[in-house]
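Taking it in order: structure first as structure tokens, then the write-up.
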2 protein chains.
Amino acid sequence: MTDTAPRPTLEAVAARAGVSRATVSRVVNGGDGVRDILVERVRKAVEELGYVPNQAARSLVTRRHDAIAVVVAEPETRVFADPFFAHQLRGISKELTAHDNQLVLLLTEGRDDHARVGRYLAGGHVDGALVFSLHLDDPLPELIQRAGVPTVFGGRPGWSGERRGVVYVDSDNRGGARDAVRHLAGLGRTRIAHITGALDQTSAVDRLDGYRDVMVDADPRLIAEADFTPAGGERAMRELLDRCPDVDAVFAANDLTASGALRVLREAGRRVPDDVALIGFDDMLPVAEQTDPPLTTVRQDIEEMGRLMARLLLRGLDRGTPREGVGGTPSSVVLPTTLVRRASA
Amino acid sequence: MTDTAPRPTLEAVAARAGVSRATVSRVVNGGDGVRDILVERVRKAVEELGYVPNQAARSLVTRRHDAIAVVVAEPETRVFADPFFAHQLRGISKELTAHDNQLVLLLTEGRDDHARVGRYLAGGHVDGALVFSLHLDDPLPELIQRAGVPTVFGGRPGWSGERRGVVYVDSDNRGGARDAVRHLAGLGRTRIAHITGALDQTSAVDRLDGYRDVMVDADPRLIAEADFTPAGGERAMRELLDRCPDVDAVFAANDLTASGALRVLREAGRRVPDDVALIGFDDMLPVAEQTDPPLTTVRQDIEEMGRLMARLLLRGLDRGTPREGVGGTPSSVVLPTTLVRRASA
DNA sequence: GGTCAGCGGGAGAGCGCTCTCACCACACTT
DNA sequence: AAGTGTGGTGAGAGCGCTCTCCCGCTGACC
């Protein structure tokens, strides 16, 4: 736990290089319009002194921070403990790093904490925000919009799919669900059930919609509501077996739910996939690969989602790589999903 | 993607309240030594104007940032995708938030990235760092020490357990391992095997040491090396069955490894726990609870580890809650583990 | 040779805040 | 009545940087 040593300033570098502060500043910020001889001299001085610009002083005048907040509004541990989040974070980090931006992580601790986050964002400490808010009734998106911070959402915010130029990145939950159900149908299954996710989240709603797209006039008893947890999957599967003993396929809203359903199916003596085919969603590896049989599931490129969110935000801030787009307001993106065939269907 | 509005300054608040900048500053920073009447007037002005201090300007003079970097040096996705990390982060976040510090997340992207992180930390952008570095040969801890940033490590850094006042928070891997093995012994098992973790990580070494503490003169063939993955667990378990068919218990270095071992045991027709008792480590819920049978394992309070790391760092920075300790240099902490009994042993 | 772009470089004014220091009023001592 | 505190307040000097002027030099053109 040593203390920080006094650090050289622009002034010091200028003195050593025999130029003015302004020139050093020019060199440090790209060096345009400075003679090569001087550029060289300044670079050398910077090197020798180990000069690093003071970001606070710089921000004070530029009003830029080169920092982006990542807000995770997840009261429950469930989603947070998901590898999902970690991968997204990694994607975000990669993109931000590539553009020399820092990542400030803001986790909300319970309901009352939104105000704190709102205050922070409104405080102008960061140039923009990447927000994960999965619940339909979450007040955070509103709050952030009002704070006037450029924002990109992770996952479609429930309250306002399209209004007021909200930008989000989501994966094609609906399309992925359609693929899954079509795959089951392609296997010759006719009594295809769906175990939903927590329906206060857009991803769950979209997956249900995808199921309905294919099963146009499905028996409503083939739909059982759950909450993305294994326990919920168990409960829902019992209901389904009870209501429709002739069920021959199940599309579960995520892999965790599928793992619960799988356990109940095994208990009930149904063979998977012979008697009942089963498909999950997410391709959450520690679960999907470890079940017996391994889970057929729908994969989304999580890391790419994160990367894209950051890229969109940076572009909106006019910091993106120029070639990537025309600048201006970026629009939302929905990423494709792919069906991963394993043994369960 | 709206742009930020111009924000009121101290000056503006001062004008409105009819006092000087200095007085407003005093009020904003605690209000000591200012008459109540003025405090009230200033508070009102702050409120009405929606004043939020400019952190950059503040840092410029105080040389404090109220920001802590969390460095995750994990080239592999394995540990990163672990819920482990998310929980630790949550603990850290809670503690930092309670003390009004921001969390700047730094993920290294591959080997060459250490320099970037080192530069950032040396750049004095943050007041301290919380570093997760699990590998014995990781150059990062050295780099950080040299950068002179107050640091607390997550997990015992391999290179120098005790030298130079390195502060870390770890869980009692060795003690937990001992408990696990003793539990197996208490079940009357005598041929107790150990599947190690990746031995370039201190946690794996410590768990192995704990095993050896109990199995003082264990048959060396009862130790199989793996790498914390399910695949590694499978491989190691096959070796063990091959070398020591009479094995009647296995202590696996973590739950993932245990899940792999479990699969091999089942394939081999060994009943768990009847023929072979099995214990994991970590209590990684999506795995430990979902296996069949559910895993007996060693739990560590991950969130508390994170919270403690942050608390230690803040205390070293003289920012902790005063009552918590005498200040001064904090020392490392090793947190206890608890054995969670489920069905596998 | 004189004029005028054009461009490289320096001077200096802040950005918004904290913090020291001087000041003032009032109370109290002697 | 003058001296000595004392506690509250304001003035002003920076913190380290960027950025706008503006100046001086060079070279082209008349």
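Just so we're on the same page: letters track the sequence lines, and every chain starts at 1.
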Distances for protein N or O near nucleotides 11-17 of chain D N or O, under 3.5 Å:
from   : atom 1 : to      : atom 2 : distance (Å)
D/dA13 : N6     : B/Arg21 : NH2    : 3.0
D/dC15 : O3'    : B/Arg63 : NH2    : 2.5
D/dG16 : OP1    : B/Arg63 : NH2    : 2.4
D/dG16 : N2     : A/Ala57 : O      : 3.4
D/dC17 : OP1    : A/Tyr51 : OH     : 2.5
D/dC17 : OP1    : A/Asn54 : N      : 3.2
D/dC17 : OP2    : A/Leu10 : N      : 2.4
D/dC17 : N4     : A/Arg21 : NH2    : 3.4

Could you check whether [X] pairs with [Y] (Lys NZ or Arg NE/NH1/NH2 to Asp/Glu carboxylate O, under 4.0 Å)?
X        : Y        : value
B/Arg307 : B/Glu304 : yes
B/Arg311 : B/Glu95  : yes
A/Lys44  : A/Glu48  : yes

For residues 116-126 of chain A, dump all side-chain donor-acceptor pairs below 3.5 Å to protein atoms at least two apart in sequence or in another chain.
from     : atom 1 : to       : atom 2 : distance (Å)
A/Arg116 : NH1    : A/Asp113 : OD1    : 2.9
A/Arg116 : NH1    : A/Asp113 : OD2    : 2.2
A/Arg116 : NH2    : B/Thr97  : OG1    : 3.4

Open item on the list: Counting only heavy atoms from other residues, nucleotides and ligands, does the tally under 6.0 Å from CG of B/Asp137 exceed 12?
Closed with: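 Buried by this count: over 12 neighbours within 6.0 Å.
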
Open item on the list: Please report the distance, rounded to the nearest Å, between CG in A/Asp36 and C1' in C/dC7.
Closed with: 14 Å

- [ ] Using atom CD of B/Glu40 as one end and atom C1' of D/dG8 as the other, report the distance to the nearest whole Å.
- [x] 17 Å

